[in-house]
Amino acid sequence: MSAELDSLYQEIILDHYKKPLHAGLRDPFEAEVHHVNPTCGDEVTLRVHLEGDKVADVSYHSEGCSISQASTSVMADLVIGKTVDEAMAIHADFLALMQGKGTVEPDEDVLEDGIAFAGVAKFPARVKCALLSWMAWKDATAKVLADNTLEKA
Amino acid sequence: MSAELDSLYQEIILDHYKKPLHAGLRDPFEAEVHHVNPTCGDEVTLRVHLEGDKVADVSYHSEGCSISQASTSVMADLVIGKTVDEAMAIHADFLALMQGKGTVEPDEDVLEDGIAFAGVAKFPARVKCALLSWMAWKDATAKVLADNTLEKA
Amino acid sequence: MGLEGLLPELEIIRKDFPILERTVAGGKRLVYLDSANTSQKPQVVIDTMVDHLENHNANIARAMHALGAESTEAFEGARDRVAAFLNAPSRDEVIFTKNASEALNLVASTLAFRGPLQLGEGDEILITEMEHHSNIVPWQMLAQRTGATLRWIGLTDDGRLDLSNLGELLNERTKVVAFTWVSNMLGTINPVSDLAARAKEVGALVVVDASQAAPQLPVDVVASGADFVVFTGHKVVGPTGIGVLWGHREVLDALPPFLGGGEMIATVTMAESTYAPIPHKFEAGTPPIVEAVGLGAAVDYLSAVGMDAIHRHEQTITRYALEGLASVPGTTVLGPLDAESRGGAISFEMQGVHPHDIAQVLDTQGIAVRAGHHCAKPAHARFGVQSSTRMSSYLYTRPDEIDALVEALNYTRAYFKVG
Amino acid sequence: MGLEGLLPELEIIRKDFPILERTVAGGKRLVYLDSANTSQKPQVVIDTMVDHLENHNANIARAMHALGAESTEAFEGARDRVAAFLNAPSRDEVIFTKNASEALNLVASTLAFRGPLQLGEGDEILITEMEHHSNIVPWQMLAQRTGATLRWIGLTDDGRLDLSNLGELLNERTKVVAFTWVSNMLGTINPVSDLAARAKEVGALVVVDASQAAPQLPVDVVASGADFVVFTGHKVVGPTGIGVLWGHREVLDALPPFLGGGEMIATVTMAESTYAPIPHKFEAGTPPIVEAVGLGAAVDYLSAVGMDAIHRHEQTITRYALEGLASVPGTTVLGPLDAESRGGAISFEMQGVHPHDIAQVLDTQGIAVRAGHHCAKPAHARFGVQSSTRMSSYLYTRPDEIDALVEALNYTRAYFKVG
Ligand SMILES: Cc1ncc(COP(=O)(O)O)c(C=O)c1O
Ligand SMILES: Cc1ncc(COP(=O)(O)O)c(C=O)c1O
């Protein structure tokens, strides 16, 4: 039983939960979104600041369980400093890992601390927790890109 | 099987079905009602003419199965000429017979040809057929009485 | 019994349906010819529901434990099965309702609410004279609530849609066209994709009532060209308490929610609420969980037998029944007389005997048919009849059951001394 | 285990519920403490449904044959049982819906339609801050549709209704007062008949959500003083797919119909339709037949055990659980702390561990609880918490299951290294 729990609650996850990276809402930002998990009530408010095609900052305020909190921290740390394309590719990898029901082998070079979430994929009820902030980030980024396109048009 | 059918389709019922008494819509009348059986679509339009406290005429146009048609014929024949109170008492007896699930012994002195419907009480789906015109008559009579009370007031 | 086109495994299929073993009317074998009213249930559907209730019962989505996960998977798995059964582009487009009637009301009700698709004064709703009341009354209510006008496609004397004035009936004011795929009274199979295409030309929303189609022929929502397709669980060998609304994602997204409550929200505050995305937006409260699970087993069962094979079986039985009925003097069938253009429900009249009385005599012979207006009063009025008798077959119907019907109809004539 | 007040036949009752034999989490005995979410089903309910499906399945009312008569009798018999369970003056006042949410929406939706009870600008609807979303969102929608104003009865710090300003909240503009009998989050049992009497003084309609009350205490609709009382099948050991709306005949008669379709009509013509009397007026389409039959068996089962005895059992377990939870460091219970004023649902917080994580750890021990907002976001917001963990007992709950919960909570604290 403890083994099962341990596969979900990796030390890395508990560390990010207790000491989340990049937490707080910061300026400047081009888009802010608010996402909730309707079934459990977890919430995240998330801001994205792009500089050119680079993710310059992701800042957030979130309430939720260890998995969702840790995932937000890991996500922010992974995407900040990457280009949007690179970050989207990481997002895609993370999504594939989460939806793989435990059959997908994570690539540590891409996902870094994110590989700690491999165990979450075996707990269908928790997959949504791990994805909440990723979805929010993708949504916010899409908003910025759309606005940029509009401005240019 | 034929015995079961015969208990439902008494000769008296089939006779009334083929040659209904008092059929057609006639003047004068003080109230006309239209009742339907929503589940099967049987319909009756029925008029009541009272003279003082007497049921002077009941006339009708109806569409429906043998049970509902025969019941209308028997009903009209039973109540015409009676006082409203007497007719209501007959109605109550007929209702008791129909709702008795075959356990009520009908009184031929009161119900006359109506005793032929004793077998119907054992066919729950057909009880409504037998009651349709009785309910219509009661409804129409209540309307006339209510109007009379209003006029006097 | 060697009719060409019957299901090859008919005897095995019949064994799947426990109720067919029953005797009625004092020892007579049950001849169930009322499947258009509701279908019988195969053992696998019943067993799947029992297994769910005995071993996996929990509320869904909201429950974060083993049973909750199992129940959620079973329920959402049923949505996948139904999506596959309908060839729906997305599982999210499959909404579970309580029956077909609620599904039709969901569409009709929300079209009265504020939103981009709201109807108003001057708009027209087009339905047909062969609809089931469940595809009439909601539109009458919508017309009343919005001031829109309800218009009707009439019927030809042989019980088909009269499309001669369709050019006039369909116009730029037409906002909704709602019609049945297969008539539950006349049996007529309508030209769904043609009609849908014509309706789309004027930009109308197309609502197809597949309550009688889904049980007996392949339903492909994409090929149908409809915006909404509706059916009901209990007619496709599934349980009562569940129906299905399939809708195009964009249209479902554009409709405001119908019922409010648990599970259909994104968030609720005292000031306001926001709503979850489809399908949950339209599924307020605890959904019919064990019913969805049963329905999933039901559509899998039908797919395993094969919808094409079931359709062929139905047409074979229908052809045989039309011949049989033609042999009974004084009997007139309502609707098309060729089996190819109809489904497995046949309504008929018999001169001199009222439908109730026919059904009653048949019942004493163990034969179950329906008598009345079959929730299609306007169609009955169109043919000048107040009610009719309807026999309806299904994948478990055997030709000798039609023989029994014909024999019993002849007996009925004799009993009532007609002819 | 010799707690005073437990059901004397607890072990026999537990044997009635097949799922309680199950093991989860790799061989652990199931400890089901999520009954306020949905209850487990006794064998008699399952068997009654199976018997109906295998031997008596047919559509109701409209079918004129042996199976149809049997099915109709079973369905309408269930209405009698529910009427008796509620002490309803008339069986016709019992309307079957798909769940409690639909029942509440039925009332809220029809109050927006033209008719003697229609709400409008300036009217007020009064609800409470402890409602389930299903008793909030429909009223928000009604307010939006009619221009009426939604007002709220607040909560005291110990989780009861704050009635201090009721005199102002209830006034001649108040047309509807809707509140829960027992809170699904705080457990609070509200003073139903007092509140109903106050509401009737200003002529408001009183809608009582008995979804959590009907499972665990005697519900007498007459004594309640309400105009409408609502509950849901799956929480009273019945199946999903069925709920109940009881309403006063005069009020139900005055409301326009909700959904249109088969079975709710008197007659349908192309020009207009007229509606059947209650209860059928509000039951469009094929109703949840086998679900009603199951619900009938469920309320009979509860009545046989005895609602007073079940209430005593629930309070005994609740008292024991409140003590147990108090023994776990860092744990705070939301809602009243005395068992007498509450039902068998206890929501709590544990410092340093999020409810999801608690539920997850408990699940690995075979213990099923709920974590989240329990569809009561405003109540959570009132207490400044985003979510909570909820344990909820029922007539089959044993004290040693509470012991297991307490032990697992201590283990959770250790696992997450808090305290
Ligand atoms: C107090 C209360 N009201 C209403 C509901 C809604 O019941 P249902 O989901 O069956 O519609 C629930 C249960 O979820 C409840 O606890
Ligand atoms: C064509 C058609 N539409 C709609 C319905 C309504 O289905 P339900 O009663 O399950 O809502 C039926 C069946 O009664 C039907 O035959």
Side-chain angles (χ1 to χ4, degrees), chain C residues 18-19 22 24-25 34 37-38 40-41 46 50 53-55 57-59 62-67 98-102 105 132-134 136-138 140-141 152 234 239-241 259-262 265 267-270 273 284-286 288-291 356 359 363 368 370-372 375 377-378, chain D residues 18-19 22 24-25 34 37-38 40-41 46 50 53-55 57-59 62-67 98-102 105 132-134 136-138 140-141 152 234 239-241 259-262 265 267-270 273 284-286 288-291 356 359 363 368 370-372 375 377-378:
Chain C
I19 210 169
R22 242 201 83 164
V24 284
D34 197 18
N37 200 351
T38 202
Q40 294 304 340
K41 319 304 171 206
I46 299 169
V50 169
L53 291 173
E54 288 186 355
N55 297 305
N57 175 65
N59 214 321
R62 21 168 125 165
M64 194 161 292
H65 45 67
L67 292 183
K98 69 174 172 179
N99 53 25
S101 303
E102 189 196 8
N105 277 278
H132 187 280
H133 294 163
S134 293
I136 296 176
V137 184
Q140 289 181 325
M141 289 173 157
W152 299 74
H234 66 96
T240 51
L259 307 181
I265 55 102
T267 192
V268 173
T269 67
M270 288 168 66
S273 297
T286 302
I289 301 171
V290 70
E291 292 75 14
H356 282 192
D363 186 44
R370 185 169 175 189
C375 297
K377 280 202 150 201
Chain D
I19 209 169
R22 242 202 82 165
V24 285
D34 197 18
N37 201 352
T38 203
Q40 296 303 342
K41 319 305 170 205
I46 299 170
V50 168
L53 291 172
E54 288 187 354
N55 297 306
N57 174 65
N59 214 322
R62 19 167 124 167
M64 194 161 292
H65 45 65
L67 291 183
K98 69 174 171 179
N99 52 26
S101 303
E102 189 196 9
N105 277 277
H132 187 279
H133 293 163
S134 292
I136 297 176
V137 183
Q140 290 180 326
M141 290 172 155
W152 300 74
H234 66 95
T240 51
L259 307 181
I265 55 102
T267 192
V268 173
T269 67
M270 289 168 68
S273 297
T286 301
I289 301 172
V290 70
E291 292 76 12
H356 282 193
D363 185 45
R370 186 169 174 189
C375 297
K377 279 201 151 202

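Chain naming here is simple, since letters A, B, ... match the order of the sequence lines and numbering starts at 1 in each.
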Point to revise | Residue, of D:S273, D:G372, D:P239, that accumulates the most heavy atom pairs under 4.5 Å with chain C | key: D:S273
Check your understanding: Just by distance, do the side chain of D:S101 and the backbone of C:G261 share a donor-acceptor pair under 3.5 Å?
Key -> no
**Study point:** Contact origin within D:Q140 toward chain C - heavy atom pairs under 4.5 Å
**Key:** side chain
Study note, to complete from the structure: Most contact-rich option vs chain C, by heavy-atom pairs under 4.5 angstrom, among D:N57, D:V137, D:T38, D:T267, is D:N57
Check your understanding: Measuring heavy-atom distances to chain C, does D:L259 have an atom under 4.5 Å in its side chain, in its backbone, in both, or in neither?
Key -> both
Review point. Which bit of D:V24 comes within less than 4.5 Å of chain C, counting heavy atoms only: side chain, backbone, both or neither?
Key: side chain
Point to revise | Close side-chain approach of C:L67 and D:I19, heavy atoms under 4.5 Å | key: yes
**Study point:** Contacting region of D:L53 [heavy-atom separation from chain C under 4.5 Å]
**Key:** both
Point to revise | Side chain, backbone, both or neither of D:M141 within contact of chain C (heavy atoms, under 4.5 Å) | key: side chain
Review point. Under 3.5 Å, is there a donor-acceptor pair between the side chain of D:N59 and the main chain of C:N37?
Key: yes
Revision key, fill the gap. Greatest number of non-hydrogen atom pairs under 4.5 angstrom with chain C, of D:E102, D:E54, D:K98, D:Q40, falls to D:E54
Practice item. Examine whether an atom of D:N99 lies under 4.5 Å from a heavy atom of chain C, and if so say whether it belongs to the side chain, the backbone or both; otherwise answer neither. Key: side chain
